[in-house]
Amino acid sequence: LKYKNNCNGTITDQNTRLMWEVKDDYNGSPNPDDLNDVNNYYPWAGTCSISGALCGTAADCPTGQTCNASDGQSTGYTIFQWVAQLNAKHFAGHKDWRIPNVRELQSIVDYGTYPPPDVTAAFNRNCAAACTVTTCSCTQSSLYWSATTLAGLAYIAWVVDFDDGLVYTEFKPYDGYYVRAVRSGL
């Protein structure tokens with residue numbers, strides 16, 4: 001088996017040794033109280049409160065400024081603030097979760113899957129409203145952010161589309177994309 005369900009809200013890729021966050025589905029709509037809800041979406045970046053510069057977290061802003069983002073759940077999180085929340089809660093007993101780079105994210109695409117999502121079966125099983133990270137694994141047939149910035153264009157990042165398995169670039173402050181966390185498994 002290439003993928004091992006760890007039965008704690010994570011899946012380990014036995015080849016790459018990456019551990020992936022499992023997504024659940026509370027009720028088919030975004031749920032800000034559930035960081036793992038497959039329906040939640042966030043922008044890659046926000047803007048610093050005074051300077052207006054792009055930021056992933058407040059640490060990217062000048063002293064005294066905040067990083068403000070607009071997301072679909074009214075949390076105000078960028079993908080980096082979201083993953084910081086996973087780490088603060090020690091999701092699945094770990095606090096070293098991060099946003100995957102574009103190659104890591106593309107590694108879970110299954111180009112032979114139809115209908116979408118074009119993702120390995122381990123990442124899309126038993127997905128139904130009210131399932132949890134230990135009873136299902138969900139993936140949207142849509143774009144997921146990577147942590148990879150397009151070379152030479154600091155305001156553009158790479159995304160992987162689990163509807164067709166293709167890789168695209170998108171404007172970082174756009175709020176309509178999904179995210180999945182990863183960590184080194186061993």
Side-chain angles (χ1 to χ4, degrees), residues 5-6 8-11 18-47 54-58 60 66-102 104-106 108-109 116-120 122-148 157-164 167-168 170-183:
N5 185 326
N6 300 310
N8 66 351
T10 67
I11 295 170
L18 292 173
M19 181 181 286
W20 293 90
E21 168 214 11
V22 168
K23 293 292 191 181
D24 61 24
D25 190 354
Y26 177 69
N27 65 0
S29 299
N31 179 7
D33 296 326
D34 179 3
L35 293 172
N36 308 102
D37 193 305
V38 71
N39 301 294
N40 293 350
Y41 51 95
Y42 308 91
W44 197 99
T47 54
L54 286 182
C55 55
T57 68
D60 299 330
T66 58
C67 182
N68 300 318
S70 173
D71 66 24
Q73 301 71 235
S74 300
T75 63
Y77 295 154
T78 66
I79 61 173
F80 300 101
Q81 293 164 324
W82 165 81
V83 82
Q85 293 299 309
L86 274 185
N87 287 324
K89 292 182 182 281
H90 296 145
F91 174 66
H94 302 284
K95 56 183 180 177
D96 58 350
W97 294 100
R98 61 182 174 77
I99 306 301
N101 68 46
V102 68
E104 291 168 335
L105 191 56
Q106 196 175 19
I108 65 172
V109 170
D118 290 349
V119 67
T120 303
F123 295 94
N124 199 52
R125 69 173 175 75
N126 303 327
C127 189
C131 71
T132 69
V133 294
T134 58
T135 63
C136 70
S137 180
C138 303
T139 298
Q140 290 283 358
S141 297
S142 190
L143 299 173
Y144 278 72
W145 288 113
S146 80
T148 309
W158 290 98
V159 294
V160 174
D161 189 345
F162 288 111
D163 183 56
D164 57 20
V167 178
Y168 302 97
E170 291 293 338
F171 187 54
K172 289 178 178 179
Y174 183 74
D175 70 352
Y177 299 140
Y178 303 97
V179 63
R180 171 173 266 130
V182 71
R183 61 179 296 277

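- Donor-acceptor pairing under 3.5 Å is lacking for the side chains of Asn8 and Asn6.
- A perpendicular orientation is assigned to the rings of Trp20 and Phe123, their planes being inclined by more than 60° (bins at 30° and 60°).
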Query raised in the report: Could you go step by step and tell me if Cys131 and Cys136 meet the disulfide (SG to SG under 2.5 Å) rule?
Result: CA-CA 6 Å; Cys131 71; Cys136 70; 2.1 Å; yes
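- The minimum heavy-atom distance between Ser137 and Val22, with the atom names listed, is CA-CG1, 3.7 Å.
- Remark: the backbone N or O of Trp158 is paired with a side-chain donor or acceptor of Ser146 at under 3.5 angstrom.
- The shortest heavy-atom contact between Thr139 and Pro117 is O-CG, 3.5 Å.
- When each of Tyr178, Tyr168, Tyr177 is checked for a ring pair (Phe, Tyr, Trp, His ring centres under 6.0 Å) with Tyr144, only Tyr178 meets the rule.
- Between the side chain of Asn36 and the backbone N or O of Glu21 there is no donor-acceptor pair closer than 3.5 Å.
- Looking only at distances, no side-chain donor or acceptor of Asp37 sits under 3.5 Å from a matching main-chain atom of Asp25.
- Remark: Ile79 CD1 to Asn40 CG distance equals 14.0 Å, nearest 0.5 Å.
- Separating the CD atom in Gln106 from the CG atom in Asn101 is a distance of 10.0 Å, to the nearest 0.5 Å.
- Ring-plane geometry between Phe80 and Trp44 is classed as perpendicular, the angle between the planes exceeding 60 degrees on a 0 to 90 degree scale with a lower cut at 30.
- Here Arg98 contributes atom CZ and Leu86 contributes atom CG; the two are 13.5 Å apart, rounded to the nearest 0.5 Å.
- If you check the side chains of Asn39 and Asn31, you find no donor sitting under 3.5 Å from an acceptor.
- When every heavy atom of Gln81 is checked against every heavy atom of Gly76, the shortest pair comes out as OE1-O, 3.2 Å.
- The CG atom of Leu143 lies 10.5 Å from the CG atom of Leu105; values are rounded to the nearest 0.5 Å.
- Between the side chain of Thr78 and the main chain of Gly56, a donor-acceptor pair closer than 3.5 Å is present.
- In this structure, Leu54 and Ala45 approach most closely via the heavy-atom pair CD2-CB, 4.2 Å.
- Checked by atom type and distance alone, the side chain of Lys23 pairs as donor or acceptor with a backbone atom of Val179 at under 3.5 Å.
- Nearest heavy-atom pair across Pro32 and Thr75 is CB-CG2, 3.7 Å.
- The OG atom of Ser70 lies 14.5 Å from the OH atom of Tyr77; values are rounded to the nearest 0.5 Å.
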Query - Derivation of the side-chain contact (heavy atoms from CB on, under 4.5 Å) call for Val109 and Phe162 - result: CA-CA 7 Å; Val109 170; Phe162 288 111; 3.5 Å; yes
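- Gln73 places a side-chain N or O within donor-acceptor distance of the main-chain N or O of Tyr41, the cut-off being under 3.5 Å.
- Side chain of Asn87 to main chain of Trp97: a donor-acceptor pair is present (N/O by atom type, distance under 3.5 Å, no hydrogens or angles).
- In this structure, Asn126 and Thr135 approach most closely via the heavy-atom pair CB-O, 3.7 Å.
- To the nearest 0.5 angstrom, Thr134 atom OG1 is 9.0 Å from Asn5 atom CG.
- A donor-acceptor contact shorter than 3.5 Å is absent between the side chain of Trp82 and the backbone of Ala181.
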